[in-house]
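These notes are about the structure you will find just below.
Everything quoted here is computed from the prediction, not taken from an experiment. In what follows, chains carry the letters A, B, and so on, assigned in the order in which the sequence lines appear, proteins first and then strands, with residues in each chain numbered from 1.
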Protein chains: 2
Amino acid sequence: MSVSGKTAGIKDVALAAGVSVATVSRVLSNGPVSDTLRKRVEDAVRATGYRPNLSARRLRSQHSQTIGLVVSDIRNPFFTAVSRAVEDAAYRAGMRVILCNSDENPEREELYLRLMQEERITGLIFAPTRATLDRLDGLDLDFPVVLIDRNAPTGRHDAVVLDNPRAAAMLVEHLHAQGYRRIAGLFGNTSTTGQERHEGYRAAMTARGLAPAARFLVPHADAAEEAVVAWMSERDRPEAFIVSNSLFLMGVVKAARRLRLPIPDGLAVAGFDNEPWTELVGPGLTVIEQPVQDIGQSAMALLFERLEAPDRPSRRLILGGTCIVRGSTAARMAAAD
Amino acid sequence: MSVSGKTAGIKDVALAAGVSVATVSRVLSNGPVSDTLRKRVEDAVRATGYRPNLSARRLRSQHSQTIGLVVSDIRNPFFTAVSRAVEDAAYRAGMRVILCNSDENPEREELYLRLMQEERITGLIFAPTRATLDRLDGLDLDFPVVLIDRNAPTGRHDAVVLDNPRAAAMLVEHLHAQGYRRIAGLFGNTSTTGQERHEGYRAAMTARGLAPAARFLVPHADAAEEAVVAWMSERDRPEAFIVSNSLFLMGVVKAARRLRLPIPDGLAVAGFDNEPWTELVGPGLTVIEQPVQDIGQSAMALLFERLEAPDRPSRRLILGGTCIVRGSTAARMAAAD
DNA sequence: AGCCGGACTGTAATCGTTTTCACTCCGTTT
DNA sequence: AAACGGAGTGAAAACGATTACAGTCCGGCT
């Protein structure tokens with residue numbers, strides 16, 4: 001349809017329809033226009049191949065209809081699932097989503113927060129690193145923030161998180177019931193999530209009279225693999241590992257393979273995030289499944305509520321996880337050791 | 001910092017620095033300004049907490065400094081890796097990326113293409129479904145498009161793709177050398193990629209005097225699982241499967257488990273995309289690794305070249321894959337059958 | 001001394017919309 | 001019959017930046 005080189009603007013449409021630009025604008029936004037003119041304009045829109053210019057629209061109307069979503073690892077299926085849910089909810093509300101991937105890197109987070117400011121987003125859904133979480137209160141951003149996955153120590157922002165302590169405790173309970181006693185823990189040292197899961201682990205262990213033994217690692221499979229390999233040659237070698245993310249899960253499996261320890265007889269393991277492949281490796285891996293869909297939708301809901309009532313007290317939504325039991329935590333064999 | 005409620009604009013900065021808005025703008029874009037004023041303005045920028053308004057900037061300057069990236073499945077590590085590479089390259093060039101996930105859904109693609117138009121992006125990197133690929137030429141978009149992963153039949157657009165026929169042939173070769181003969185193929189029916197891989201498979205099979213046996217499925221693990229389960233109970237049950245994507249890989253593994261067929265003795269399998277977990281399931285899965293980083297960077301490079309020379313003939317970049325051999329294609333046992 | 005040119009600087013136009021405001025109809029109320 | 005009110009319309013002012021254009025200043029040439 002584009003006859004001339006340039007894209008048609010609202011002016012061209014007005015000209016083609018023989019009306020003023022104001023009328024065109026009103027047609028486009030369902031304002032009060034007579035049926036005759038409305039039809040004429042609609043035809044002109046089609047004829048000219050008009051496409052609105054979002055920059056102009058946003059500039060004039062002063063709201064971007066855009067929400068930001070900054071996640072810490074786009075490869076993590078947890079975040080891809082959440083972002084899917086967020087995007088769908090946003091789209092239903094006529095909003096756009098800017099998705100950014102911080103890679104657990106505070107500098108990138110800073111960069112993206114600046115970008116969000118400059119885009120004048122109406123709200124942000126954010127899974128920050130601990131470093132940024134600490135600075136968050138002093139940051140005066142001019143849009144509301146809903147935290148996901150990571151929990152703010154100070155409750156200034158809305159948040160929706162998994163009940164991490166409880167989830168970790170479920171894993172301890174389960175392993176304990178299956179006959180495991182020396183249960184070690186591997187936790188990420190970069191997010192509050194790791195801390196919370198550790199806390200739940202520690203509490204559940206001591207509650208059962210077991211000695212907690214936790215180590216904190218950078219969130220990479222390699223780190224977990226090395227840690228497990230080293231740990232298994234120490235005096236009190238663990239019978240089972242509870243790990244706080246799926247990268248560690250991979251690390252443990254690799255370590256078990258390297259040490260030629262069968263899962264679960266040589267080494268049991270349970271972790272977080274029910275990724276598709278966890279079902280396939282070894283006898284299947286026992287994991288906590290997060291209500292990802294729910295998390296995304298709730299985050300959006302919280303954001304919208306906040307936009308409507310900017311001054312209501314902040315709210316924290318804590319959702320429960322599901323324990324998916326698989327072969328990697330089958331009942332401990334009565335073997336001595 | 002922000003004293004009043006509203007975010008400071010260039011006007012506020014000008015006022016604070018005692019200069020005109022033009023000078024502020026020039027400072028911000030490194031135009032010619034005396035050192036004295038430059039310093040005054042920079043101080044004022046800091047003092048007011050000024051953040052540029054990207055909508056205004058884009059509207060006036062008429063270039064969005066934004067490139068679009070529409071992938072067909074954000075969960076697919078191939079695309080997350082590519083998008084990472086694209087984003088990095090874009091950022092180095094001072095550009096932003098809008099990432100969208102079409103989910104192999106032509107309607108969503110249409111939606112996103114429209115969005116791209118309205119955002120007035122400067123260029124698009126796109127992995128289209130076949131449906132959209134066919135319509136692509138008639139679509140007159142006002143920005144250049146670089147295709148990735150999917151290949152256009154008509155060469156109107158720049159593209160960077162894997163050498164799919166060759167890659168599929170490599171898998172056939174490998175399986176053949178390992179002693180397999182009845183090698184079946186499972187290919188996606190929604191992208192050209194599947195077609196090309198099938199073509200390579202078919203050619204390589206017939207070149208070796210083997211009978212190709214291919215089926216085409218919607219790209220879901222379940223579809224592959226069912227197909228394999230059914231196929232394995234037919235007269236000419238395959239010894240090995242070559243599959244065209246990682247979802248099918250999961251399906252085959254699940255089917256093998258369901259049928260209690262050990263990999264590779266009961267059923268060998270090889271596929272595409274070296275995802276982290278392929279190393280972990282069963283004896284490890286043999287896959288073709290794509291040069292994801294290279295693909296992303298090359299796509300950006302192609303896009304930039306095109307922007308500089310809009311009329312140069314379109315170019316197609318074909319990159320080679322690497323065959324990662326693992327246990328799922330270990331040499332065929334001499335067993336009769 | 002007068003002129004020229006280069007280096008800055010400010011004024012104002014502009015990008016494509018939305019939105020305010022005033023105005024014109026026309027039917028209804030008093 | 002005059003006044004009112006509501007609905008539809010257009011002219012023009014924003015929105016917040018960039019940029020064309022026109023000065024101003026000052027040093028160096030002739």
Which nucleotide in the list C:dT18, C:dC15, D:dT9 gets nearest to the side chain of A:S25? C:dT18
Euclidean distance, B:D158 CG relative to B:L302 CG, rounded to 0.5 Å: 4.5 Å
Any idea which heavy atoms bring B:T129 and B:R150 closest together, and the distance? CA-NH1, 4.0 Å
Report yes if a side-chain nitrogen or oxygen of A:T23 is closer than 4.0 Å to either non-bridging phosphate oxygen (OP1 or OP2) of D:dG10; otherwise report no. yes
Output yes when at least one side-chain N/O atom of B:Y50 is less than 4.0 Å from OP1 or OP2 of D:dG16, else no. no
Which part of the nucleic acid, if any, lies within contact of A:R38, taking any heavy atom under 4.0 Å across all strands shown: a base, the sugar-phosphate backbone alone, or nothing? nothing
In whole angstroms, how far is the C1' atom of C:dT11 from the CD1 atom of B:I10? 14 Å
Under-4.0 Å side-chain N/O to phosphate OP1/OP2 contact, A:S20 with D:dG10: yes
Can you check whether any acceptor in the base of C:dG16 is under 3.5 Å from a donor in the side chain of B:R120, or vice versa? no
A:A22 side chain: which of C:dT19, C:dT9, C:dT17 is closest? C:dT19
Describe the nucleic acid contact of B:R58 in one word from base, sugar-phosphate, nothing, applying a heavy-atom distance below 4.0 Å. nothing
Checking all strands, does A:L37 fall into the base, sugar-phosphate, or nothing category for heavy-atom contacts under 4.0 angstrom? sugar-phosphate
Does the distance from a Lys or Arg side-chain N to an Asp or Glu carboxylate O, for A:E118 and B:R57, drop under 4.0 Å? no
A:D142 CG - D:dG16 P separation (whole Å): 13 Å
Out of C:dT9, C:dT18, C:dT11, which has the shortest distance to the side chain of B:V21? C:dT11
Starting at CG of A:D12 and ending at P of C:dT17, how long is that distance when rounded to a whole Å? 9 Å
Does the side chain of A:R60 get closer than 4.0 angstrom to OP1 or OP2 of D:dA14 through an N or O atom? no
Nucleotide nearest A:P32 when distance is taken to its side chain, options D:dT18, D:dG10, D:dG8: D:dG8
By nearest nucleotide on DNA chain C, pick out whichever of B:L59 and B:G18 is the more 5' one. B:G18
Find the distance B:Q65:CD to D:dT18:C1' and express it as a whole number of Å. 13 Å
To the nearest Å, how far apart are A:E118 CD and D:dG16 C1'? 13 Å
Sub-3.5 Å donor-acceptor pair from the side chain of A:T48 to the main-chain atoms of A:A8, do we have one? no
Distance, rounded to the nearest Å, where A:H63 contributes NE2 and D:dG16 contributes C1': 16 Å
A:V19, nearest nucleotide to its side chain (from C:dT18, D:dG10, C:dT9): D:dG10
Any side-chain N or O of B:Q62 under 4.0 Å from OP1/OP2 of C:dG16? yes
Protein-nucleotide distance (A:L28, atom CG; C:dT17, atom P), rounded to Å: 9 Å
Name the residue closer to the 5' end of DNA chain D, choosing between B:N53 and B:R26 according to the nucleotide with the nearest heavy atom. B:N53
Looking at B:R58 and B:E119, does any basic side-chain N land under 4.0 Å from a carboxylate oxygen? no
Closer than 4.0 Å, any side-chain N/O of A:S34 to the OP1 or OP2 of D:dT9? yes
Salt bridge present between B:D43 and B:K39 (N-O < 4.0 angstrom): yes
Rounded to the nearest Å, what distance is computed from the CD atom of residue A:Q117 to the P atom of nucleotide D:dA17? 13 Å
